[in-house]
Amino acid sequence: MSAAGLMARINRTFVLTLLIAASSIFLLFQLFNYRQYSSKNGFDALGSKGYLSGKEAHWHLLKKFLGLVYKFKLPVFLVDTASLNLLSQDAVLYRDSQLKEPHCSFLCTHRDFTTFALLGNLWKYDAALLDAAAERGLELLEIHGKDPRLISMDDLTAKEIPLHFLFRFNSRLVHVVVLYERSGNYLWHGPLRLRGSMDRTFAPFGKLDFGRHAGAYDRPELILTTLDGLDVRIPKNYSRFLHEHSSSRFLECRCREAKAFYQLYPEDTSTEAMDFKMRAKSLLHLASKVLSVLGVPFWLSSGTCLGWYRQCNIIPYSKDVDLGIWIKDYRHDITPAFQKAGLPLKHKFGKVEDSLELSFQGNDVKLDIFFFYDEGDIVWNGGTQAKSGKKFKYVFPRFSLCWTELMELKVRVPCETGDYVMANYGPTWNVPVKTWDWKTSPFNVQENGVWPVREWDDVIQVY
């Protein structure tokens, strides 16, 4: 090849290299400008490889969803347990504060879904919502169920209400739980139950935070904040909300079974029975208030639990209100707190280490508090006969606690209520027994020795 031809080829190569370099610089400049624009107007649209990463895709889904509910004036608030847990971690908060580039630290978790809640009284059906969701590329699945507030022994039917909304974009999901106010001044959500024709692959239903069971919560105070560049309402005390969620399972009163019970054993509607129920209701509300202030969890026990489970009511001939408390939750200021509330101590049997029982006198209604002890495969509470010092033990299978409603009050009961009642009252628990001896009648009573005479002054106190 001649020298002139070689020089011409070198020149062409140099010009081509120069053009490629200039084009690359121009593209990098364009990308830099695009990144700057994206930073000012939201999360980066593209990941480092030129497509939406997992977190980025989820952020854009949340932005679509929040824009939709804002347009239709639906003030949802964040109840996602994974996101709220991140807010409670100081290390995550610090790391987030150090990041300068757009990021999604709290709303984009290791999961493909985020959960929000909406108060039921703020929901109103609008067909335009479906169209607007579709315009944003969102698929919507609605879950309905019967309104338990309208179910009673007189009317077992009820209209259906929306319980859950699921918005899906590609494989990612926003779950909206609808919370309804109940007569006990608390919030309730229904279970998520799919009907025959519904798409069971629409969402990872088994992994969702809400819906496996119905749940009950105190009404949270909400605050508006900014998370990952998006305006979001969250519970002000999110740590408390997370604690509530861990033990939120709710059991409805068994109205159908109660109706059948009253058909066999008509309800006592005498003035005396109605008066007792009102006084028992007042005492139960007062006891709940005292123990809630102390932070002591309790549940309906013995006859009060039986009344709720069997007939959705207080048993009018029981003459007392029975509560259970784990001995680990005992506090020495329980007795002074009840006395300050106007309930004098009637008797104190046992001691913290063994068979503790407290009884307070209300307005012609006695409040009995039984303390329960954990003993391996079983739990038990004790009883003491004052005149002889004899000890008794009432044995139950282990149980967990659920919420329910009785006499317009949110209270706990054993989740395994049937086993609890069966243990205490035996297979004939559904038959009323008006003559009851606490030493011999319970199905689960056992003799448990005698208190030493030298301890009687401490373990047998009658006022």
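Since this is a predicted model, take the numbers as computed values, not measurements. The figures that follow rest on heavy atoms only: side chains count, while hydrogens, waters and symmetry mates do not.
By the 6.0 Å contact criterion, NZ on Lys439 is enclosed, its count of non-hydrogen atoms from other residues, nucleotides or ligands being greater than 12. Counted within 6.0 Å of OH on Tyr70, heavy atoms from surrounding residues, nucleotides or ligands total 12 or fewer; the atom is thus considered open.
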Inset, instruction - Determine, step by step, whether Glu160 and Asp147 satisfy the side-chain contact (heavy atoms from CB on, under 4.5 Å) criterion, reporting the C-alpha distance in whole Å, the side-chain angles of both residues, the deciding distance to 0.1 Å, and the verdict. - result: CA-CA 6 Å; Glu160 295 218 332; Asp147 187 345; over 6 Å; no

Inset, instruction - I would like to know whether Asp268 and Ser270 meet side-chain hydrogen bond (donor to acceptor under 3.5 Å, both in side chains); could you show each step before the answer? - result: CA-CA 6 Å; Asp268 184 353; Ser270 66; 2.9 Å; yes

Inset, instruction - Please step through side-chain contact (heavy atoms from CB on, under 4.5 Å) for the pair Phe349 and Ile460, ending with a clear verdict. - result: CA-CA 5 Å; Phe349 294 149; Ile460 302 175; 3.9 Å; yes

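Phe65 places a side-chain heavy atom less than 4.5 Å from the side chain of Val76. Contact annotation: the side chain of Pro432 approaches that of Phe261 to within less than 4.5 Å [non-hydrogen atoms, C-beta and beyond]. In this structure, the side chains of Leu283 and Phe360 stay at 4.5 Å or more apart for every pair of heavy atoms. Annotation: side chain of Lys207 is in contact with side chain of Phe113 (closest heavy-atom distance under 4.5 Å). Side-chain atoms of Lys348 and Leu356, non-hydrogen and from C-beta on, do get closer than 4.5 Å to each other. A 4.5 Å side-chain heavy-atom check between Leu122 and Leu74 finds every atom pair outside the cut-off. Side-chain contact between Leu68 and Phe167 is present, with heavy atoms from C-beta onward closer than 4.5 Å. The shortest distance between side-chain heavy atoms of Phe298 and Val411 falls below 4.5 Å.
Applying the side-chain hydrogen bond (donor to acceptor under 3.5 Å, both in side chains) test to every pair with at least one member in residues 319-328, sequence neighbours left out, gives no pairs at all. A ring pair (Phe, Tyr, Trp, His ring centres under 6.0 Å) check over residues 444-463, counting only residues at least two apart or in different chains, returns nothing.
Checked options Leu84, Thr114, Asp80; the residue passing with Asp209 is Asp80 (criterion: side chain to side chain contact (heavy atoms under 4.5 Å, CB included)).
Among all heavy-atom pairs drawn from Leu179 and Ala117, the shortest one is CD1-CB, 3.8 Å. For the residue pair Phe392 and Glu447, the shortest heavy atom distance occurs at CE2-CG, 4.1 Å. Closest approach of Ala158 to Lys146, counting heavy atoms only: O-CG, 4.0 Å. Closest approach of Gln311 to Pro316, counting heavy atoms only: NE2-CD, 4.4 Å.
Under a 3.5 Å cut-off, the side chain of Ser246 and the backbone N or O of His243 do form a donor-acceptor pair. A donor-acceptor pair is defined here as one N or O able to donate and one able to accept, closer than 3.5 Å; no such pair exists between the side chain of Tyr425 and the backbone of Asn430. No donor-acceptor pair closer than 3.5 Å links the side chain of His164 to the backbone N or O of His189. A distance-only check finds a donor-acceptor pair linking the side chain of Trp59 to the backbone of Asp228 [under 3.5 Å]. Here the side chain of Arg193 pairs no donor or acceptor atom with the backbone of Gly145 at under 3.5 angstrom. Looking at Asn170, its side chain never comes within 3.5 Å of a backbone N or O of Arg172 through a donor-acceptor pair. A donor-acceptor pair is defined here as one N or O able to donate and one able to accept, closer than 3.5 Å; such a pair exists between the side chain of Ser292 and the backbone of Ser288.
Comment: Lys391 does not engage Glu455 in a salt bridge, judged by the lack of any side-chain N to carboxylate O separation of less than 4.0 angstrom. Classification of Asp218 and Lys410 as a salt-bridged pair holds, one side-chain N sitting under 4.0 Å from a carboxylate O. Remark: Asp368 engages Lys366 in a salt bridge, criterion side-chain N to carboxylate O under 4.0 Å.
A search for ring-ring contact (aromatic ring centres under 6.0 Å, His included) contacts involving His110 returns nothing, not counting sequence neighbours. With sequence neighbours excluded, the residues forming a ring-ring contact (aromatic ring centres under 6.0 Å, His included) with Tyr330 are His332, Phe371, listed by chain and number. For Asp333, the salt bridge (charged side-chain N to carboxylate O under 4.0 Å, His left out) partners two or more places apart in sequence, or in a different chain, are Arg331. Shown here are the ring-ring contact (aromatic ring centres under 6.0 Å, His included) partners of His245, two or more places apart in sequence or in another chain: Phe210. Applying the salt bridge (charged side-chain N to carboxylate O under 4.0 Å, His left out) criterion to Lys259, with sequence neighbours excluded, gives no partner residue. The ring-ring contact (aromatic ring centres under 6.0 Å, His included) test applied to Tyr217 returns Phe241, not counting sequence neighbours. The disulfide (SG to SG under 2.5 Å) test applied to Cys305 returns no partner, not counting sequence neighbours. Scanning for side-chain hydrogen bond (donor to acceptor under 3.5 Å, both in side chains) contacts around Glu139 gives Arg168, with sequence neighbours left out.
Between Thr384 atom OG1 and Asp354 atom CG the span is 8.0 Å, to the nearest 0.5 Å. The CG atom of Leu222 lies 9.0 Å from the CZ atom of Arg219; values are rounded to the nearest 0.5 Å. In this structure, the separation between CE on Met198 and CD on Glu142 is 8.5 Å, given to the nearest 0.5 Å. Between the NE2 atom of His175 and the CZ atom of Arg111 there is a distance of 11.0 Å, given to the nearest 0.5 Å. For the atom pair CG (Leu129) and CG (Leu140), the distance works out to 7.0 Å, reported to the nearest 0.5 Å. Taken from OG in Ser171 to NE2 in His58, the straight-line distance is 10.0 Å, to the nearest 0.5 Å.
Side-chain atoms of Ser301 and Tyr420 form a donor-acceptor pair, as typed in the model, at a separation below 3.5 Å.
Taking the six-membered ring where the residue is Trp, the centroids of Tyr317 and Trp436 are separated by 6.0 Å or more.
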Would you mind writing out the side-chain donor-acceptor pairs for residues 393-409 within the sub-3.5 Å range, not counting sequence neighbours?
residue, atom, partner, partner atom, Å
Lys393, NZ, Glu375, OE2, 3.4
Tyr394, OH, Trp438, O, 2.7
Arg398, NH1, Asp374, OD1, 2.6
Arg398, NH1, Asp374, OD2, 3.1
Arg398, NH1, Gly376, O, 2.7
Arg398, NH2, Asp374, OD2, 3.1
Ser400, OG, Glu416, OE2, 3.1
Trp403, NE1, Ser247, O, 3.2
Thr404, OG1, Leu251, O, 2.7
Thr404, OG1, Trp308, NE1, 3.1
Glu405, OE1, Tyr186, OH, 2.5
Glu405, OE2, Ser183, OG, 2.4
Glu408, OE1, Lys281, NZ, 3.1

Enumerate donor-acceptor pairs with a distance under 3.5 Å from any side-chain N or O in residues 336-345 to protein atoms, sequence neighbours excluded.
none

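A cation-pi geometry, defined here as NZ or CZ lying under 6.0 Å from the six-membered ring centre and within 45° of its normal, holds between Arg254 and Tyr309.
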